[in-house]
Amino acid sequence: MSLSTAATLSGWRWRQYGKDEEWQKCAHNNPTTEIFTDLLDAKRISDPFLDQNERLVQWVGETDWEYACDFQYKLDEHHSRQDLVFEGLDTVASVHLNDEHEILQSTNMFHRHRVDVTGQLREGTNTLRIVFRNVLQYGRALEAKHGRYRAFNGDSSRLHVRKAQYHYGWDWGPLLLTCGPYREIRLESYASITSDVFVTAKVSEDLSKATLEVSLEAILDQDVCVNIKVTSPSEKVFHAHTALAATEARGLISLDIPKPELWYPVGHGPQVFYLVDVDIYGRQNASLHSIKKQVGVRRLRLVQQPLVNEPGTSFFFEVNNQPIYISGSNWIPDHSFLTALTPKDYASAVETCLEGNQNMLRIWGGGVYEHDALYEECDRRGVLVWQDFMFACGQYPCYPEFAASVQREAVDQVKRLRQYCSIVLYAGNNEDYAVAEMLKLDWNPDDHSGDWTNTNFPARTLYETHLPAIVADHAPGIPYHPSSPWGGKSTEDRTVGDIHQWNVWHGSQAKYQCWDKLVGRFVSEFGMLGFPAAKSVCRFVTDPKQRYPQSAVLDLHNKADGAERRLALYVMENLRVASMDLDSWIYATQLVQAECLGFAVRSCRRQWKGPGREYCGGHLVWQINDCWPVSSWALVDFYGERKLAYYAMKRDSAALSLGISRSTPELKKLKSPPSVELGPPHDLAPKKYIFDVWAVNLTMQDVHVAIEVRLYDIATGSLREKESLGSQTLASNRTTELLEDLSVDQTTVIHALMLDDKDGRVIARASDWPQPLKHVNLPTSPNVTVSVLDGKVEIRADAPVKGVEVYMASDKRNVSWDDNGVDVFPDDVYTIHAKGLVKGDDVRIRYYGAAF
């Protein structure tokens with residue numbers, strides 16, 4: 001008797017449905033595809049990512065399409081059943097086999113399907129045809145039937161359709177309603193099979209032992225024996241077995257593992273895995289099916305407990321009894337067309353995260369439950385994952401058909417994702433409770449009935465009843481959070497749960513110099529918009545005449561609400577702008593983004609003060625990536641160019657770092673931003689300024705370092721004061737306050753150095769300039785020089801210089817900088833390593849206040 005077989009379908013062809021036209025073969029032989037990429041390959045449409053072409057392709061999403069492929073089937077007398085397995089269809093699809101049977105109708109992009117086609121296959125060639133109806137028409141029909149609900153971003157009908165919500169357009173993304181077989185489809189032929197295997201580990205509180213529970217779901221045509229073999233990372237082997245009758249569909253086996261070898265997040269320990277082999281044997285000990293699972297064993301807690309001398313409760317993650325401060329990002333889908341991505345793209349994205357000293361990605365609720373390749377790489381590299389369910393920025397319905405579809409979606413996806421040890425939280429949605437507050441919907445936090453379907457906030461039943469039950473049933477041990485943000489008296493309560501801190505950019509549009517007054521227990525969204533790199537602009541703006549900041553093309557590629565005004569506000573409020581040419585404006589917006597996010601990160605990390613004082617448990621910047629070429633809050637633009645803010649956050653998220661904060665005594669005492677942050681213009685009284693210095697050690701060991709603080713005259717570059725704090729012991733996994741309330745004036749810039757106390761090597765730097773920067777009396781001739789060596793540049797200056805950006809004069813050769821946008825000071829050579837750089841290369845610089 002032979003094992004089961006599985007064959008992935010490929011070789012798709014497509015055409016417009018209902019038209020008398022020839023089938024068009026896909027340009028590739030990939031197992032997944034979608035209409036926009038196929039139309040592009042066939043040169044039937046202009047690239048919607050270029051110029052204003054987005055406007056020219058809207059008909060695509062308003063059209064019905066169909067796909068077909070042929071596949072082979074060979075009768076095997078030992079295989080009594082054949083299934084077609086669909087990992088995902090985008091979105092409203094009817095599936096036909098050999099044009100004789102409609103075998104499936106699907107209206108949820110996130111459903112997985114296993115369809116029994118036994119007896120319906122032909123020996124030899126078979127044809128699968130899938131009709132995809134346009135979702136806009138489908139959604140609007142549902143909206144007409146069930147009522148209109150409010151949506152922020154995109155057509156309101158999206159709320160009724162279980163499709164990636166960002167496809168409807170967002171404040172950083174285009175309106176491109178694609179469709180197609182976007183996830184794998186395969187034919188499985190077998191007699192008996194394990195359709196789902198889940199291995200969960202329960203680790204004792206003292207970490208001395210673990211229990212592995214192996215649960216499986218099976219489709220059987222006979223009584224079988226199930227053998228389990230578990231191999232530890234150090235190659236210790238454990239065995240277990242059980243028997244299942246043909247009438248049984250589920251089994252559960254437990255194994256005790258002494259002294260388990262544990263999986264840790266990056267920076268806290270190794271990423272090691274147990275290998276679990278599951279084998280099914282039937283009559284005469286014949287092998288029927290086998291499956292392998294890689295399992296990371298770890299103990300996980302979301303810690304929400306009272307704090308010392310502060311109201312509310314903590315919100316931080318603990319893995320293997322180690323509190324983990326989170327420095328991470330929000331992740332949106334990495335492309336508007338998901339099938340354009342490869343496993344290599346996901347690996348590169350995780351590498352970008354790690355190189356930026358980040359340890360978490362939040363899979364945002366307006367995108368998709370991501371490709372396995374992303375989670376696999378997060379597991380392998382130790383990047384934690386916060387996983388939203390796919391609801392975002394809307395007042396969602398909860399009528400019976402919708403609720404049933406969502407419940408099945410949640411089961412399908414949680415069962416798929418639960419194998420990944422990197423996932424440490426499921427959240428019910430993105431900002432839907434904030435929407436409820438904004439719209440003043442019926443939401444009584446004291447009502448715990450569990451059924452709110454008859455209110456005007458019906459989806460609360462999904463978020464607080466259905467979804468948590470599914471997580472508890474299918475992914476026990478993973479915390480569930482009803483929403484993001486969530487906690488406390490409102491979604492803006494900074495003392496409980498997580499917050500989205502948008503009072504810089506959105507909301508009150510506070511000055512970013514007041515970010516230290518905006519920190520919450522966990523800041524899961526915050527951001528500042530910046531332009532993409534100049535070389536990226538040249539790629540998507542093909543007409544040189546459109547390459548200026550306010551052009552029609554660049555305005556179309558900036559979807560943010562009030563973007564031009566708000567961006568101009570923050571730039572003009574903070575920087576001298578000598579020119580409005582494109583390069584100058586790009587640099588100005590990126591510098592403001594870097595300054596804002598850097599101070600935000602430092603402000604959050606300062607509040608990680610040790611046991612009982614975890615006043616902020618982490619920050620997740622909005623956002624790390626883009627899905628198309630656009631001016632957005634991303635740290636890395638669509639073409640992979642890293643903005644200055646990426647490097648600022650990298651420096652400030654390092655395991656060892658320094659922070660400086662300048663304020664007035666009056667402002668420092670405030671717990672929230674004042675209504676007029678920097679004082680009214682008619683206030684002529686001289687101000688007294690003070691500054692603090694602190695150090696962060698997020699390693700698991702105490703560290704001995706030397707600290708120096710230098711004060712420079714900005715205009716002349718002369719050293720006014722130098723203070724050596726000598727050897728300092730930085731306690732592990734917390735912030736250490738070093739100096740507090742030292743006097744400083746507004747003509748002085750502060751430079752702090754963390755040095756290895758043995759060899760004097762610079763470990764970390766920090767600087768603080770008077771604010772706003774536009775008022776600073778800059779040096780007239782800082783004499784900035786750059787030495788170009790193999791693999792690095794060395795930057796020197798005779799006076800303090802702000803935001804030095806290095807770049808290649810030509811794009812002919814790709815160079816990868818490990819730092820950029822740096823502040824440079826006298827007597828401190830700043831080295832930036834650059835992969836691919838060769839001595840003598842033409843490297844240019846720009847910096848704040850210089851003529852470009």
Side-chain angles (χ1 to χ4, degrees), residues 513 516 595 598-599 602-603 606 651-652 656-669 678 685-697 703-730 735-785 795-804 822-831 847-849:
Q513 290 87 348
D516 57 334
E595 289 289 288
F599 186 49
R602 294 192 297 275
S603 298
R606 186 181 187 181
R651 293 189 294 270
D652 288 316
L656 294 169
S657 67
L658 285 168
I660 307 173
S661 176
R662 181 189 310 231
S663 185
T664 65
E666 297 77 19
L667 280 174
K668 185 177 180 181
K669 293 175 184 177
L678 299 182
K687 293 183 176 63
K688 175 184 177 184
Y689 290 92
I690 55 176
F691 72 93
D692 301 340
V693 180
W694 64 90
V696 179
N697 172 18
V703 175
H704 304 287
V705 297
I707 304 292
E708 283 187 9
V709 179
R710 303 171 182 176
L711 276 60
Y712 288 92
D713 182 291
I714 298 173
T716 67
S718 62
L719 181 65
R720 288 181 168 176
E721 187 177 343
K722 176 179 178 180
E723 183 170 355
S724 174
L725 305 187
S727 182
Q728 297 284 319
T729 298
L730 306 182
T735 295
T736 298
E737 298 289 333
L738 299 173
L739 296 171
E740 189 170 8
D741 294 345
L742 272 69
S743 295
V744 65
D745 65 30
Q746 292 295 79
T747 65
T748 301
V749 62
I750 308 159
H751 183 44
L753 296 166
M754 181 189 295
L755 308 168
D756 187 302
D757 65 352
K758 294 184 177 63
D759 59 16
R761 174 179 55 89
V762 177
I763 298 171
R765 297 174 172 90
S767 60
D768 180 86
W769 296 67
Q771 298 293 331
L773 287 169
K774 67 180 181 180
H775 291 164
V776 174
N777 185 19
L778 296 168
T780 54
S781 181
N783 190 28
V784 185
T785 60
I795 308 173
R796 296 170 175 84
D798 292 343
V801 182
K802 182 73 188 170
V804 178
V822 300
D823 294 355
V824 181
F825 290 83
D827 304 315
D828 181 20
V829 178
Y830 206 118
T831 300
Y847 55 89
Y848 176 61

Q. If you take all heavy atoms of Gln771 and Gln746, which pair is closest and at what distance?
A. O-NE2, 3.7 Å
Q.
Quick test of your reading: applying salt bridge (charged side-chain N to carboxylate O under 4.0 Å, His left out), list the pairs with at least one residue in residues 768-783, sequence neighbours left out, ordered by first then second residue.
A. Arg662-Asp768
Q: Go through the structure and list residues passing side-chain contact (heavy atoms from CB on, under 4.5 Å) with Arg651, not counting sequence neighbours.
A: Tyr647, Ala648, Asp819, Val822, Tyr830
Q: Check whether any side-chain heavy atom of Val749 sits under 4.5 Å from a side-chain heavy atom of Lys802, and report yes or no.
A: no
(Q) Keeping Asn697 on the side-chain end and Leu656 on the backbone end, is there a donor-acceptor pair under 3.5 Å? (A) no
Q) Say you draw a straight line from CD of Glu740 to OG of Ser661; how long is it, rounded to the nearest 0.5 Å? A) 10.5 Å
Could you go through residues 776-785 and list every donor-acceptor pair under 3.5 Å that involves a side-chain atom there, pairing it with any protein atom two or more places apart or in another chain?
residue, atom, partner, partner atom, Å
Asn783, ND2, Asp798, OD2, 2.8

Q | Minimum heavy-atom distance between Pro826 and Pro800, given as atom pair plus value | A | CD-N, 4.0 Å
Q.
For Glu721 and Thr748: C-alpha separation, side-chain torsions, deciding distance, then whether side chain to side chain contact (heavy atoms under 4.5 Å, CB included) applies.
A. CA-CA 10 Å; Glu721 187 177 343; Thr748 301; over 6 Å; no
Q.
Please list all pairs meeting salt bridge (charged side-chain N to carboxylate O under 4.0 Å, His left out) that have one or both residues in residues 750-760, counting only residues at least two apart or in different chains.
A. Asp756-Arg761
Q. Quick one: salt bridge (charged side-chain N to carboxylate O under 4.0 Å, His left out) partners of Asp745, sequence neighbours excluded?
A. Arg720
Q: Can you sort out the partners of Tyr689 under side chain to side chain donor-acceptor pair (under 3.5 Å), two or more places apart, ordered by chain and number?
A: none
Q. Should Val762 and Leu755 count as side-chain neighbours, where that means a heavy-atom distance under 4.5 Å?
A. yes
Q) Which heavy atom of Lys688 sits nearest a heavy atom of Pro665, and at what distance? A) O-CD, 3.2 Å
**Q.** Residues in ring pair (Phe, Tyr, Trp, His ring centres under 6.0 Å) contact with Phe825, at least two apart in sequence or another chain
**A.** Tyr712, His751
Q. Got a second to check how far Ser743's OG is from Ile690's CD1, nearest 0.5 Å?
A. 8.0 Å
Q) When rounded to the nearest 0.5 angstrom, what distance separates CG in Asp692 from NZ in Lys668? A) 3.5 Å
Q: Quick one: closest heavy-atom pair of Ile660 and Ala752, and the distance?
A: CD1-CB, 3.9 Å
Q. Excluding sequence neighbours, so at least two apart, what forms salt bridge (charged side-chain N to carboxylate O under 4.0 Å, His left out) with Asp516?
A. none
Q.
Walk me through whether Leu738 and Leu658 qualify under side chain to side chain contact (heavy atoms under 4.5 Å, CB included).
A. CA-CA 10 Å; Leu738 299 173; Leu658 285 168; 4.1 Å; yes
**Q.** From CG (Leu753) to CD1 (Ile707), nearest 0.5 Å
**A.** 8.5 Å
Q: Report the residues that fulfil side chain to side chain donor-acceptor pair (under 3.5 Å) with Arg710, sequence neighbours left out, ordered by chain and then residue number.
A: Glu708
**Q.** Pairing residues for Thr735 by the side chain to side chain donor-acceptor pair (under 3.5 Å) criterion, not counting sequence neighbours
**A.** none
Q: List the atom of Gly659, the atom of Ala766, and the distance in Å for their closest heavy-atom pair.
A: N-CB, 4.3 Å
Q.
Please report the interatomic distance CG(Asp652) to CZ(Phe599), rounded to the nearest 0.5 Å.
A. 10.5 Å
Q) Atom CZ of Arg765 and atom CG of Asp828: how far apart are they, to the nearest 0.5 Å? A) 4.0 Å
Q. How would you list, by chain and number, every residue that makes a salt bridge (charged side-chain N to carboxylate O under 4.0 Å, His left out) with Glu737, sequence neighbours excluded?
A. Arg606, Lys609
Q: Please list, chain by chain and in numerical order, all residues satisfying side chain to side chain donor-acceptor pair (under 3.5 Å) with Trp769, sequence neighbours excluded.
A: Asp823
